[in-house]
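Below is one structure, written out as structure tokens; comments come after it.
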Amino acid sequence: MNLPEPSLYASVVQLPDGTHVYATPDQLPAAFHGPQVVHQHIHQAAPDRTVQRLALGSGIGAGAVAAGVYFGPLLVGVLTAIAANIALLAFLALILAWGVHTVVKSIGGSSGRAAVKNVRKGRRKRR
């Protein structure tokens with residue numbers, strides 16, 4: 001065995017900059033003996049994450065939770081887009097109905113006015 005003899009008290013120490021060195025206790029800086037400061041960060045999860053954490057705690061698999069995390073916001077986006085399209089179509093139908101009503105009333109002459117009057121009467125009877 002041709003290995004050098006280690007120093008009796010030398011050991012490997014990691015310095016604050018991340019490097020490792022052999023050092024004896026007398027070469028190390030004195031330890032800090034003041035009060036210990038604990039930095040605690042409390043994070044509140046987003047509502048959807050909280051639901052997933054509760055789901056994991058109740059025994060649902062991680063695959064189902066991952067699917068909920070991925071498809072949940074997607075579903076909200078799709079439903080919002082569908083609702084916006086339906087609202088736009090309803091608005092267009094309202095505009096077209098108003099246009100037809102105005103044209104029939106103004107161009108139709110007396111027969112057009114009579115038709116509008118009959119439609120109004122029919123609506124009143126249904127109520």
Side-chain angles (χ1 to χ4, degrees):
M1 299 242 170
N2 295 331
L3 296 175
E5 281 196 34
S7 172
L8 292 177
Y9 297 107
S11 61
V12 177
V13 178
Q14 184 176 6
L15 298 177
D17 64 356
T19 59
H20 293 82
V21 295
Y22 284 104
T24 58
D26 58 339
Q27 294 173 330
L28 296 175
F32 178 71
H33 294 292
Q36 183 179 5
V37 178
V38 177
H39 294 282
Q40 184 176 9
H41 299 280
I42 300 172
H43 298 279
Q44 182 176 2
D48 59 341
R49 298 286 193 261
T50 302
V51 170
Q52 270 82 41
R53 288 179 183 171
L54 290 173
L56 276 176
S58 66
I60 294 177
V65 172
V69 169
Y70 181 76
F71 289 114
L74 261 169
L75 182 63
V76 169
V78 168
L79 291 177
T80 303
I82 291 171
N85 287 338
I86 290 173
L88 181 65
L89 290 175
F91 181 69
L92 288 175
L94 179 70
I95 297 288
L96 289 174
W98 175 77
V100 169
H101 170 79
T102 304
V103 168
V104 167
K105 187 175 175 182
S106 63
I107 294 178
S110 61
S111 62
R113 287 187 184 91
V116 170
K117 195 175 191 182
N118 288 335
V119 168
R120 284 185 184 156
K121 285 181 183 177
R123 285 186 183 167
R124 287 183 192 144
K125 288 180 182 179
R126 278 192 251 160
R127 291 181 187 177

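- Taking Asn118 as the reference, nothing meets the side chain to side chain donor-acceptor pair (under 3.5 Å) condition, with sequence neighbours excluded.
- Two residues are said to be in side-chain contact when any heavy atoms from C-beta on lie closer than 4.5 Å; Trp98 and Leu94 fail this criterion.
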Identify every side-chain donor-acceptor pair in residues 74-85 under 3.5 Å, counting partners at least two apart or on other chains, and give the distances.
{"residue": "Thr80", "atom": "OG1", "partner": "Val76", "partner atom": "O", "Å": "2.7"}
{"residue": "Asn85", "atom": "ND2", "partner": "Ala81", "partner atom": "O", "Å": "3.4"}

